[in-house]
Amino acid sequence: MAPLSEEQLEKKRHERKIQLLAAAIKVFAENGIKLTKISVIAKEAGVSHGLLYHYFQSKEEVLHASLEWATAGTNELLDEISSLNDSAFEKIRHFTKIALSEGNSDTFRVIQHVMRAKDTVPKATSDMIEKQGSTYI
């Protein structure tokens, strides 16, 4: 078997990082921020504890990166909903369906955890969620 090219290796690294971010969102949603441990995220992702530290330096960094990843594209979605010719009620209904759909509901649960634990979350993460919240409003 031929060794992987640099491009193939980079693709594998990217896929692994996405796997870790998705696992982190799920674990943070289930356990909250304070009770989440790096080892639990690693187990959910099916990787070793050490491998997770190859990608991230701390739980706080995983939290921030996973929220950035999970909320990417939200502004475009909100712009799309705003441009609909529906009533405000229908726009809220449309947004709610998306927010509560499989995959998105964990993200919103993590955002709620961040808002509740605002004083114990790194300022950059708290600020990111605050900015995202003003966009929602």
Side-chain angles (χ1 to χ4, degrees):
M1 185 152 107
L4 297 176
S5 69
E6 190 56 41
E7 186 178 306
Q8 289 170 317
L9 284 172
E10 189 55 39
K11 183 180 179 200
K12 245 179 142 46
R13 283 186 208 107
H14 178 73
E15 288 169 355
R16 179 67 60 158
K17 190 169 187 177
I18 298 301
Q19 178 183 354
L20 293 168
L21 295 172
I25 286 292
K26 182 176 181 191
V27 173
F28 281 121
E30 290 172 356
N31 301 327
I33 296 162
K34 190 174 183 179
L35 297 177
T36 292
K37 303 209 178 314
I38 288 287
S39 59
V40 177
I41 296 171
K43 183 177 180 181
E44 177 67 32
V47 302
S48 71
H49 191 122
L51 182 62
L52 195 139
Y53 278 113
H54 176 75
Y55 289 88
F56 304 100
Q57 293 181 359
S58 65
K59 177 172 85 169
E60 291 75 20
E61 187 179 338
V62 176
L63 173 65
H64 189 88
S66 64
L67 282 168
E68 273 186 329
W69 169 75
T71 59
T74 301
N75 289 342
E76 293 81 11
L77 172 66
L78 293 173
D79 288 344
E80 180 185 314
I81 292 171
S82 291
S83 69
L84 295 173
N85 288 328
D86 292 339
S87 68
F89 179 78
E90 286 302 317
K91 289 177 182 179
I92 291 169
R93 173 185 266 170
H94 185 68
F95 172 78
T96 304
K97 280 183 183 178
I98 292 168
L100 298 178
S101 67
E102 192 170 329
N104 291 331
S105 62
D106 282 351
T107 301
F108 284 94
R109 288 174 55 203
V110 176
I111 290 170
Q112 289 173 340
H113 288 303
V114 168
M115 295 307 288
R116 279 189 230 120
K118 205 171 181 177
D119 297 337
T120 61
V121 174
K123 184 164 175 24
T125 303
S126 173
D127 289 349
M128 176 181 62
I129 295 305
E130 191 74 37
K131 183 179 178 195
Q132 196 71 277
S134 65
T135 304
Y136 292 144
I137 293 167

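When hydrophobic clusters are built by joining Ile, Leu, Val, Met, Phe, Trp and Tyr residues whose side-chain heavy atoms come closer than 4.5 Å, directly or via intermediates, I41 is not grouped with L35.
Remark: I111 CD1 to M128 CE distance equals 8.0 Å, nearest 0.5 Å. Here OG of S126 is found 10.5 Å from CG of L63. Values are rounded to the nearest 0.5 Å. The distance from atom CG of D79 to atom CG of L84, rounded to the nearest 0.5 Å, is 11.0 Å. Interatomic distance, I129 CD1 to T125 OG1, rounded to the nearest 0.5 Å: 7.5 Å. Taking NZ of K43 as the start and OG of S48 as the end, the distance is 14.0 Å to the nearest 0.5 Å. Separation of atoms OG (S5) and CD (Q8) is listed at 3.5 Å; rounding is to 0.5 Å.
The minimum heavy-atom distance between H49 and S39, with the atom names listed, is ND1-CB, 3.5 Å. Annotation for I33 and F28: closest pair CA-CD2, 4.0 Å, computed over non-hydrogen atoms. Closest approach of F56 and A65 over heavy atoms only: CE2-CB, 3.6 Å.
By the 4.0 Å N-to-carboxylate-O rule, R13 lies close enough to E6 to be salt-bridged with it. Using a 4.0 Å cut-off between charged nitrogen and carboxylate oxygen, K12 and E15 do not count as a salt-bridge pair.
A 4.5 Å side-chain heavy-atom check between D86 and R93 finds every atom pair outside the cut-off. Using a 4.5 Å heavy-atom cutoff, the side chains of K34 and T120 are not in contact.
More than 12 heavy-atom neighbours from other residues, nucleotides or ligands sit within 6.0 angstrom of NZ on K91. Counting heavy-atom neighbours within 6.0 Å of K59 NZ, excluding the residue itself, gives a total above 12.
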For L51 and R16, run side-chain contact (heavy atoms from CB on, under 4.5 Å): C-alpha distance rounded to whole Å, both residues' side-chain angles, the deciding distance at 0.1 Å, then the answer. CA-CA 10 Å; L51 182 62; R16 179 67 60 158; 4.0 Å; yes
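Evaluated for a side-chain contact (heavy atoms from CB on, under 4.5 Å) with E44, the options V27, L20, I25 yield exactly one hit, V27.
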